Number of protein chains: 2
Amino acid sequence: MHTATEHDPAARIRAAGLKVTAPRLAVLEVLSGHGHLDAETVFERVRGELPTTSLQAVYGVLAALSGAGLLRRIEPAGSPALYESRIGDNHHHLVCTKCHTVADVDCVVGEPPCLEPSDAGGFSIHTAEVTFWGLCADCRSVPAA
Amino acid sequence: MHTATEHDPAARIRAAGLKVTAPRLAVLEVLSGHGHLDAETVFERVRGELPTTSLQAVYGVLAALSGAGLLRRIEPAGSPALYESRIGDNHHHLVCTKCHTVADVDCVVGEPPCLEPSDAGGFSIHTAEVTFWGLCADCRSVPAA
DNA sequence: CGAGTTGTTTTGAATGACTCAAATCAACGG
DNA sequence: CCGTTGATTTGAGTCATTCAAAACAACTCG
């Protein structure tokens, strides 16, 4: 029913035509949760268990894995690029205008492009990216501080 | 019926509580069309008629005017910040994945936030930003060049 | 309408996030 | 286990943008 590819990080990397290396496994591990992390943060966490890893290696790994579709990269205005492991569904994001925290929102519509523009102006659209901007619960409870 | 504010750039700047200066008028003039221009391009065009203007001044003007709501700033992933004069309607954008050209799309829904997330996760949303990604007509007609 | 106050612009430097390139090194196919 | 090819390290460079101090110019008020 399930192939090993679905759960085993090494198999997923290999299936993407990439070599399986310690930094790549470490990056996938760091991003296996539900966070939205920037390259610097991934680097710090990877360093914890793989101290010889360089920041450039992390940039390379993030580019390779997101290029291969194993990670998703988002770039909200005002934040550095963020990476997440939730892929394959075309979900969207909530960004706090004050603290820049990012949360996921399920896409109510479905398959990408989950929305169609009224007039595509000659473009052939393949994705609709939706970013909701607002105040997160924490920032709302601290009005002027 | 109409106040002068609606059409006169100087009046609009003043109404926003800002001082009316030559660089500000020049930036508004440069952006009065329907383009999506980055700071560097605005700077080059402003220089044409106001040669003493510095790039930093342009950054300052763009920040002041977009902060005041007289310009809209967008930041598509992979492009520098772009500025446009179409404001007040919550329209969206089409971005070419190849050449990064940007086109406007009318919002089919209406007032911002034109979309509501299914679960706002504690956020109080005020805007939904939609970016459609695809190939523009020009890039589509040049498949592999 | 002329001086002051305050906000703007100039000039110059610095920063953050990321990319490029050469050399070393390691994964995997044979 | 060796070689090829792709990854990582090391080190430098780039781009877009911001910061800061000093010079300057709009608008306010007398």
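Note that the structure is predicted; figures quoted are calculated from it, not measured. Hydrogens, waters and symmetry mates are skipped; everything else that's a heavy atom, side chains included, is used. Just so it is clear: chains get the letters A, B, ... in the order the sequence lines come, proteins before strands, and each one is counted from 1.
- Atom CD in A:Gln56 sits roughly 10 Å away from atom P in D:dG11 (whole-Å rounding).
- Residue A:Ser54 is classed as a base contact, given a heavy-atom separation below 4.0 Å to a base.
- One can place OH of A:Tyr59 at 18 Å from P of D:dA12, the figure rounded to the nearest angstrom.
- The interatomic distance linking B:Asp38 (CG) with D:dC15 (C1') rounds to 11 Å, in whole Å.
- Using a 4.0 Å cut-off between a side-chain N of Lys or Arg and a carboxylate O of Asp or Glu, B:Asp89 and B:Arg72 do not qualify as a salt bridge.
- In this structure, B:Ala64 reaches neither bases nor backbone, as no heavy-atom distance under 4.0 Å exists between it and the strands shown.
- What separates CZ of B:Phe43 from C1' of D:dA16 is a distance of 14 Å, to the nearest Å.
- Put simply, the side chain of B:Arg73 does not reach to within 4.5 Å of the side chain of B:Leu82, judged on heavy atoms.
- Between A:Ala57 and B:Leu82, the residue whose closest nucleotide on DNA chain D is further toward the 5' end is A:Ala57.
- Reading DNA chain C from its 5' end, the first and the last nucleotide to sit under 4.0 Å from a heavy atom of chain A are C:dA17 to C:dC28.
- For the pair A:Leu50 CG and D:dA7 C1', the interatomic distance rounds to 13 Å; values are reported in whole Å.
- Salt-bridge annotation for B:Arg14 and B:Asp8: absent, with no side-chain N of the basic residue lying under 4.0 Å from a carboxylate O of the acidic one.
- Under the 4.5 Å side-chain heavy-atom criterion for grouping Ile, Leu, Val, Met, Phe, Trp and Tyr, B:Val30 is connected to B:Ile13 within one hydrophobic cluster.
- Toward the 5' end of DNA chain D, the nearer of the two residues B:Glu40 and B:Lys19, judged by each one's closest nucleotide, is B:Glu40.
- Taking CZ of A:Arg140 as the reference point, atom SG of A:Cys96 lies at 10.0 Å (rounded to 0.5 Å).
- For the pair A:Thr52 and D:dT8, the criterion of a side-chain N or O lying under 4.0 Å from OP1 or OP2 is not met.
- Residue A:Leu55 is classed as having no contact, given no heavy-atom separation below 4.0 Å to the nucleic acid.
- Nucleotides of DNA chain C nearest to A:Ser79 and A:Val20 differ in position, and the one nearer the 5' end is that of A:Ser79.
- The distance from the CD1 atom of B:Ile74 to the OG atom of B:Ser79 is 8.0 Å, given to the nearest 0.5 Å.
- Checked against a 6.0 Å centroid threshold, the rings of B:His93 and B:His91 count as neighbours.
- Nucleotide D:dA7 holds its P atom 14 Å from the CG atom of A:Leu28, rounded to whole Å.
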